[in-house]
Protein chains: 2
Amino acid sequence: MREQLTPKQVARALEVSESSVKRWCDRGLIPTQYTAGGHRRIALSDLLVRVRDGRYRLVHPEALGLPPTSGRSLGGRQRAGQRIGEALLEGAEQRCRQIVFDLVLADQPLAAICDEVLAEALCEIGHRWEQGEAEVYQERRACEIVLRILHELRTMIPAPPEDAPEALGGTMAGDRYVLGTTMAELVLREAGWKAISLGDNLPASTLAAALQTHRPSLFWLSCSHIPDETAFLQAYQSLYQSHGQRAAFVVGGNALTESLRGQMQYASYCDKMQHLASFANSLQRMSNRISGEKHDESQNPTLEN
Amino acid sequence: MREQLTPKQVARALEVSESSVKRWCDRGLIPTQYTAGGHRRIALSDLLVRVRDGRYRLVHPEALGLPPTSGRSLGGRQRAGQRIGEALLEGAEQRCRQIVFDLVLADQPLAAICDEVLAEALCEIGHRWEQGEAEVYQERRACEIVLRILHELRTMIPAPPEDAPEALGGTMAGDRYVLGTTMAELVLREAGWKAISLGDNLPASTLAAALQTHRPSLFWLSCSHIPDETAFLQAYQSLYQSHGQRAAFVVGGNALTESLRGQMQYASYCDKMQHLASFANSLQRMSNRISGEKHDESQNPTLEN
DNA sequence: GTCGACTCGGGTAATTCGGGTC
DNA sequence: AATGTCCGAATTACCCGAGTCG
């Protein structure tokens, strides 16, 4: 997928004339780079930001290598959840992609899409499977499709700035459900973090090593399956004791029952991705304010994060 | 880090054509040195100065931190395997992506990239882990990165034609290693199949249901971990008996020992993705010839696949 | 010295520039 | 005030045989 677009491509995608695009660039309405010869180049992510703002309408996304819009009015996230649930069951990957991208282009926050559309639909499929109305392979295929879409969304988020705070996360040993941690990474990246999901099935010792090496300011754990609760608690506690001061621990996932949470220490428990997003935002605001004060005192423009 | 860059490397990093870079050099927009034979060499520092000026936009900065990238054929793939191994260990996702995409742009077959670069590098990381030279999280993170790259490559393959033959596959119950089946899907799609990976951890009963519903002409099983060999054999045999006539069964993966294979029936055992690719191609050629003969007889241009 | 892959230079087709006008 | 269309000049992308690099 091309990351740099010519005015002509943008014009086709927005269904306007080329001159209009050029004028908008010249007026600063669209961030523009120039080649050495003076030709305009527009970054795809910059364009998508404006589209999501509602400033421009993307009539022909396929001109940019993006999935085509369905054209139908997006009757809200709830209906999208139902429609994508059906599409996932059928394995209609392209239709799923359309639904999600429609929502993204309509400026729905990724966290809300994760919670109210994707998680919702997957949950529904899980229920059907429990009642014998769906095959296991349909559920697995649905997870595959969602994972692919999450990865595609990730490439569409503008790269985090150099000085962005770092975040690290994953799932613990015995937990092989990657969607949660993948969503967390995506949502944090949208919020402007340098977030890295380490993957699934990670023993506490290696998580400690990763924390030691990277020293992130946020650390998330997605818990969808806990085979041995006492072992889990023990591993978690040692992890928290050695690194809980330096990094903000965020935990979430269906496997964290109330009684389990009662025996854990953490900076935040996030039931949903939207909780994670708002927690991350408040954390970042706070650290910005602190580093801002530092700058005021020292008159030093160097950033420290 | 290589200090001198070729026009090709610069072109890829800036996402412009090679001739543009050459013209800019000739016009003095980029300071240029020359080899004795008249080949242009651009100093990394000279380029970075212009990038900071905002005169050029560095779309793919990773390309510059590297020795000459693109496919020096076999030597290229082997070296790429080593280089991507290091990048995977460090978690340098962008660098990994650049290495793989360079190979793709140099027209290396995806199957060869999977076998000789990605699998090679992952294997090496596995060895290091066994010897205590690598952390578990580095290995998991490497798998995550490779999976993302595979998904991105998938979006770059043109959609298969309507009448393409179908293929289905996945991993069996207890096997949670998705890279093998994801690579298989990718390679088959490159070969023009409508290939769908159903995911991992699939009980035989649901695989049977999927085969029953979709009736593919090829069915692959990736086997990287077999917790219970007798259960596996039993499940596989019942699957093969009911659907082995209709679909070509292809099996592969490290977990398939010689003794296990001796007790299995299949159309092909594929040690590597390149085997899978050539098997799929020969299968398709054969079916094309058959349907071609039919057309000769009936003078009917309708395809049947 | 051989060899494959890369680069050179030049030519051509397609695209984009800026400006003027509707 | 904003958009779409037209224009010659300039820029960029693609192509190819000969020469260079490692």
Side-chain angles (χ1 to χ4, degrees), chain A residues 2-44 47 50 54-60 63-65, chain B residues 2-44 47 50 55-57 59-60 63-64 66-83 98-99 101-109 112-113 116-117:
Chain A
R2 264 268 191 301
E3 293 177 30
Q4 298 279 107
L5 306 169
T6 67
K8 186 175 205 166
Q9 293 174 289
V10 175
R12 272 202 296 257
L14 300 180
E15 206 171 66
V16 294
S17 77
E18 209 178 312
S19 312
S20 292
V21 175
K22 291 197 285 188
R23 273 191 295 260
W24 296 340
C25 288
D26 295 346
R27 261 196 287 163
L29 299 175
I30 304 176
T32 314
Q33 294 78 233
Y34 291 87
T35 67
H39 284 200
R40 282 169 266 256
R41 290 293 122 96
I42 295 137
L44 176 60
L47 177 63
R50 268 85 207 158
R55 308 222 261 171
Y56 306 108
R57 261 260 305 277
L58 199 50
V59 188
H60 300 290
L64 309 180
Chain B
R2 180 63 66 110
E3 287 292 329
Q4 300 283 80
L5 307 167
T6 66
K8 188 175 204 166
Q9 291 175 285
V10 176
R12 284 193 185 156
L14 301 179
E15 203 172 86
V16 295
S17 76
E18 205 178 318
S19 26
S20 291
V21 174
K22 291 196 285 189
R23 248 179 299 104
W24 299 341
C25 288
D26 295 347
R27 252 195 288 166
L29 298 171
I30 304 176
T32 315
Q33 286 101 339
Y34 289 87
T35 66
H39 282 200
R40 281 169 267 254
R41 289 296 119 98
I42 296 136
L44 176 60
L47 181 62
R50 267 110 203 128
R55 309 227 270 169
Y56 306 111
R57 166 142 175 171
V59 187
H60 302 287
L64 302 183
L66 299 171
T69 45
S70 45
R72 300 245 176 208
S73 191
L74 278 173
R77 281 207 292 260
Q78 281 170 7
R79 270 218 295 272
Q82 291 172 8
R83 288 195 294 122
Q98 188 62 38
I99 294 171
F101 279 42
D102 271 347
L103 291 170
V104 173
L105 291 175
D107 269 336
Q108 300 284 335
I113 297 175
E116 295 169 25
V117 181

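Chain A is the first sequence line, chain B the second, and so forth, proteins listed ahead of strands; every chain is numbered from 1.
- A side chain to side chain donor-acceptor pair (under 3.5 Å) with A:R40 is found for one member of A:D26, A:T6, A:T35 and no other, namely A:D26.
- Here D:dC14 presents its P atom at 12 Å from CD of B:E15, a figure rounded to the nearest Å.
- Looking at A:V16 and A:Y56, their side chains never come closer than 4.5 Å, going by heavy atoms from C-beta outward.
- For the pair A:T35 and D:dT11, the criterion of a side-chain N or O lying under 4.0 Å from OP1 or OP2 is not met.
- Minimum heavy-atom separation, B:C25 to B:I42: SG-CD1, 3.8 Å.
- Taking the side chain to side chain donor-acceptor pair (under 3.5 Å) definition, one finds that B:Q33 meets it with nothing, sequence neighbours left out.
- Remark: DNA chain C forms stems of 3 or more consecutive Watson-Crick or G-U wobble pairs, all pair distances under 3.5 Å, at C:3-19 with D:6-22.
- The shortest non-hydrogen separation linking B:L29 to A:A36 is CD1-CB, 3.8 Å.
- Put simply, A:T6 has a side-chain N or O that comes within less than 4.0 Å of OP1 or OP2 on C:dT16.
- Atom-to-atom, CD of A:Q33 to C1' of C:dT16 comes out at 16 Å; the value is rounded to the nearest Å.
- Distance CH2 (A:W24) to C1' (D:dG4): 12 Å, rounded to an integer number of Å.
- For B:R27, no side-chain nitrogen or oxygen approaches OP1 or OP2 of D:dA10 to under 4.0 Å.
- We find that CD of B:Q9 is positioned 17 Å from P of C:dA5, with the value rounded to whole Å.
- In this structure, the CG atom of B:L5 is 11 Å from the P atom of C:dT7, given to the nearest Å.
- Between A:R50 and A:P31 the shortest side-chain heavy-atom distance falls below 4.5 Å.
- For A:L29 and D:dA1, the CG to P distance is 15 Å, given to the nearest whole Å.
- Counting to the nearest Å, the P atom of D:dC6 and the NZ atom of A:K8 are 13 Å from each other.
- Although no hydrogens or angles enter the test, the distance criterion places a donor-acceptor pair under 3.5 Å between the side chain of B:E15 and the main chain of A:Q4.
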Exercise. In the 5'-to-3' direction, what one-character label does each nucleotide of nucleotides 17-22 of chain C receive under the scheme B = base within less than 4.0 Å of a protein heavy atom, S = sugar-phosphate only, - = no such atom?
Worked result: BB----
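- At least one side-chain heavy atom of A:Q9 sits less than 4.5 Å from a side-chain heavy atom of A:R12.
- Taking the side chain as every heavy atom from C-beta outward, A:V10 and A:W24 never approach each other to under 4.5 Å.
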